[in-house]
Amino acid sequence: MPLPDHASAAARTVIAAAAPDGRPSGIPAAPAASAPDGRFGGGQAPAVAAPPPDYLARLNSEQREAVETVDGPLLVLAGAGTGKTRVLTTRFAHILMMRRAFPNQVLAVTFTNKAAREMRERVAAILGHPAEGLWLGTFHALCARMLRRHAEYVGLTNSFTILDTDDQMRLLKQVMDAAGVDQKRWPAQGLMAIIQRWKDRGLTPARVTPQEDSDYANNRARSLYEAYQSRLKDLNTADFGDLLLHTTEILRTQPNVLAQYHRAFRYILVDEYQDTNTVQYLWLRLLAQEHKNICCVGDDDQSIYSWRGAEVENILRFEKDFPGARIVRLESNYRSTKPILAAAAGLIAKNEGRLGKTLRAGRNDADGERVKVVSLWDSEEEARMVGDAIEAAHREKFRLSEMAILVRAGFQTRAFEERLIVLGVPYKVVGGLKFYERAEIRDAMAYMRILHQPSDDLAFERIVNTPRRGIGDGALQQMHIVARDQSIPLAVAADKLAQTDAFRPKPRSALRELFEGFNRWRATMAKEGHVVAVATMLDECGYTEMWKQDKSAEAPGRLENLKELVRAIGEFETLAGFLDHVALVTENDEKSEADRVSLMTLHAAKGLEFDLVFLPGWEEGLFPHQRALDEGGTKSLEEERRLAYVGITRGRKRVVISHAANRRIYANWSAAIPSRFLDELPEDAVEREGSSSMQRQRMASAPSVFSNGPLTAARKPRVIEAGAWEVQERPARKDAMTVGTRVFHQKFGYGRVTRVDDDRLDVDFEKTGSKRVLDRFVERAQ
DNA sequence: ACCGGGCCTACACTT
DNA sequence: TAGGCCCGGT
């Protein structure tokens, strides 16, 4: 389903006019009211005759306006939980029901595969039958599909492969090596970021002006970018950014191709418009400029991808680019209780430069619990609190699958995982370690890529000595030299060298065997299909044997994964289709019915909703993230705040926010100041409390031996000054600390104050160095 | 060719 | 703490 290429005959006929593969051209005529039936209703009575269809009756007036304004540019500003997806899918179905277009004449773009799948299902539900041949997918998937048909315009063939992040980095490092760049001084990651930003803005190397060249590696970023692109072309590959960059470049420079798509797409629908970057925006504008039937749905308050090049300004530009555009605001929230909405609204109100939307509670039963803000001693206690609250809620009424822990950064999930394992609570980490990123899967994929395209040098390099064939750096270098001199793929060079006496006997015969194998497996693929071919290949090349011999604990699991991989291939008609799928799909998209608690980042949570949401780690430096504080001033701080807004608005019934006073970073503990966002929540929407151990500590005046088992207690003295945990009303300070005051902190010991900023102190601790702490957590030392 | 020890850096977010 | 990378020994 995910992929395009073999999607449907209907889709093909639209586009194939000048397709390199020589498929017949043909643009279907616009369906008239008397269009042949069977197309839409499967022979049933024409839906157009029945006013008002019940799918419209279920909408409120704002939503209905957004659905029924079919022609001309339309911008839908949709707050969180206001039925954005419903509007989009209903609109899609409405266009089809009104017979304004065939299914394949609507272009619908989403950011995630999950959103695409959901839209596809819901459109089918309204239509009453599956919609075939849709141009519905992520920007990247749609671009890949388009690029396959016009690849020759950018120097690729239609069998180009899509590189993953790992391969991108390896290739870039090779390019940098060749250019003699010192990668100690100029890390490849930095250059990759620069290149990606250029691609986000639709800049091919030729379009990067010398003034825009970054000072990276003495103004060499641009020329390195050029070399990198040229290597990609040599290898007949495209990286992620290229999918959009190349496609947009073709639309920009090939009027005949653009005209084809103008004829093909009468209506364009865009989801999550606030997250589009410049190149995506250009792509959309080019495709929409003919009919101008473009509908963009977005929420400036949920724009959280500026680091990926997203431009909220695209929303503001919409009216300029499409004069006379209608704007519809969706403001009735049907998802969350009043206190949750109030908390979210109060927080986001601190941002400036918003388009201005207010969320209204759309439900009658929307009264509910206040948002809970819990203060805890350290991150371990925070994990315990969340675990206990999950168990309690489960006993109460909530299903595990209706609970989620949403964190700022990926590594934070670990503490909660460990806790949930102890408690025996089933959970899943969404977007955590990805199946397709595991070593054994990537190895197997590399074998498949070579099977599909022998010129895939990166894949060949990966597996040439896996399993061990006695090929080391020396042999590899010889191959590279031959390949470069004769301008042939690495695998071909290796094949040639294996016919000579260039290598020692062992690697020579191993290589010969490998190439004979590839020939044989290709024949198998032609005769018996790609599933058999891959299974045979993995066995005969010695790869599965390698893991069978491996005595490590993970080996059996890896073999299981390989079986699963072969099974997954079977779901695709061709190996090429599968390879595209893997390149474009992420684990995030996977759905599972099991009753499990979800753990994920706030970014991954966008678009999802849960009855009960935990938002831990609201501490300065973590959330808002330190890098946001360091670099971008108010702009990136506001993005952090939007992220907080996204988090709160995920919850339907209950939201629990927490922060810990001490957190382990790398090896050691450091003090953490509660996030400023906590102070920004409106008081009447929240309920603040310390944990129970906090209460105990407040009363205790001596170290508690029993607080948490002997070891923990010994390591972490748990006594703190009375009142220290009252986050809500700050107790008056007995005696203000001044620079030079010698202080004692329960966790960091003795130190001297070096700076005072209201209630925040910089203290140079004798044992752990300089830290910033709240004055409530230290006491004056004698 | 391959293994293992020591050093360094990193823990943003993702199609 | 942990994973990646460089280097030296076998």
Side-chain angles (χ1 to χ4, degrees), chain A residues 2 109-116 137-144 162-166 168-170 173 183-184 187-189 192-193 196 199-200 238-245 271-272 275-277 279-280 303-310 379 406-415 430-432 434 436-437 439 464-476 503-504 506-507 510 580 582-589 600-606 617 621-632 636 639-640 642-644 646-647 663-670:
Chain A
V109 196
T110 63
F111 269 83
T112 62
N113 291 291
K114 184 179 170 160
T138 63
F139 276 103
H140 291 88
L142 291 166
C143 281
I162 302 167
L163 242 51
D164 65 23
T165 329
D166 224 68
Q168 276 177 48
M169 281 303 287
R170 282 199 298 150
K173 282 177 183 167
Q183 295 188 37
K184 287 252 170 65
Q189 230 171 2
M192 186 53 85
Q196 274 168 352
K199 291 187 175 181
D200 286 342
D239 70 16
F240 248 79
D242 283 343
L243 296 175
L244 271 142
L245 183 73
D271 194 10
E272 307 279 15
D275 288 332
T276 50
N277 59 32
V279 70
Q280 289 163 334
S303 162
I304 54 174
Y305 282 104
S306 73
W307 51 273
R308 207 173 64 185
S379 37
L406 309 181
V407 295
R408 173 69 251 256
F411 73 92
Q412 290 174 259
T413 58
R414 203 165 117 188
V430 179
K434 292 172 179 118
Y436 292 117
E437 282 174 8
V464 66
N465 201 33
T466 310
R468 302 257 110 98
R469 295 188 177 92
I471 292 152
D473 283 345
L476 202 57
F503 301 141
R504 287 151 176 254
K506 194 169 37 155
D580 263 11
V582 171
L584 294 169
V585 128
T586 59
E587 200 88 344
N588 268 4
D589 308 318
M600 68 188 96
T601 63
L602 287 160
H603 283 88
K606 192 160 68 124
L622 187 57
F623 191 35
H625 196 274
Q626 192 59 46
R627 293 229 321 229
L629 297 174
D630 290 346
E631 56 200 41
S636 46
E639 180 149 321
E640 295 287 303
R642 289 194 292 270
L643 203 47
V646 166
R663 189 168 292 275
R664 209 192 203 119
I665 296 175
Y666 303 136
N668 36 22
W669 289 91
S670 46

Under the salt bridge (Lys or Arg N to Asp or Glu O under 4.0 Å) test, residues paired with D200(A) that sit two or more places apart: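 If we apply the salt bridge (Lys or Arg N to Asp or Glu O under 4.0 Å) test to D200(A), skipping adjacent residues, there are no hits.
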Listed partners of R414(A) passing salt bridge (Lys or Arg N to Asp or Glu O under 4.0 Å), at least two apart: E418(A)
Sugar-phosphate only, base, or nothing, as touched by K173(A) at under 4.0 Å among non-hydrogen atoms: sugar-phosphate
For [Y], is there any backbone N or O sitting under 3.5 Å from a side-chain donor or acceptor partner on [X]?
X	Y	result
Q280(A)	L244(A)	no
D580(A)	A144(A)	no
E640(A)	S636(A)	no

Side chain to side chain contact (heavy atoms under 4.5 Å, CB included) between E639(A) and W307(A), intermediate numbers included: CA-CA 10 Å; E639(A) 180 149 321; W307(A) 51 273; 3.5 Å; yes
Rounded to the Å, how far apart are [X] [atom1] and [N] [atom2]?
X	N	atom1	atom2	result
D164(A)	dT14(B)	CG	C1'	14 Å
M192(A)	dT15(B)	CE	P	17 Å
K114(A)	dT15(B)	NZ	P	12 Å
L245(A)	dT15(B)	CG	C1'	15 Å
L244(A)	dT15(B)	CG	C1'	9 Å

Going by heavy atoms in the side chains, are [X] and [Y] under 4.5 Å from each other?
X	Y	answer
V407(A)	T413(A)	yes
Q196(A)	Q168(A)	yes
N277(A)	Y305(A)	no

For chain A, the stretch of DNA chain C it reaches, first to last nucleotide, under 4.0 Å of its heavy atoms: dT1(C) to dC5(C)
Whichever of F111(A) and A475(A) has its nearest DNA chain B nucleotide further upstream toward 5':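 Counting from the 5' end, the first nearest nucleotide belongs to A475(A).
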Euclidean distance for P, dC13(B) against dG4(C) (whole angstrom):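 The same atom, P, in both gives a distance of 16 Å.
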Gap separating the CG atom of D239(A) from the CG atom of L163(A), nearest 0.5 angstrom: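 The CG atom of D239(A) sits 6.5 Å away from the CG atom of L163(A).
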Counterpart residues, side-chain hydrogen bond (donor to acceptor under 3.5 Å, both in side chains), relative to D164(A) (two or more places apart): R442(A)
Contact state string [nucleotides 7-13 of chain B, B base, S sugar-phosphate only, - no protein heavy atom under 4.0 Å]: ---BBBB
For nucleotides 2-4 of chain B, give me every protein contact, N/O to N/O, under 3.5 Å, one pair per line with atom names.
{"from": "dC2(B)", "atom 1": "OP2", "to": "N465(A)", "atom 2": "ND2", "distance (Å)": "2.8"}
{"from": "dC3(B)", "atom 1": "OP2", "to": "R468(A)", "atom 2": "NH1", "distance (Å)": "3.2"}

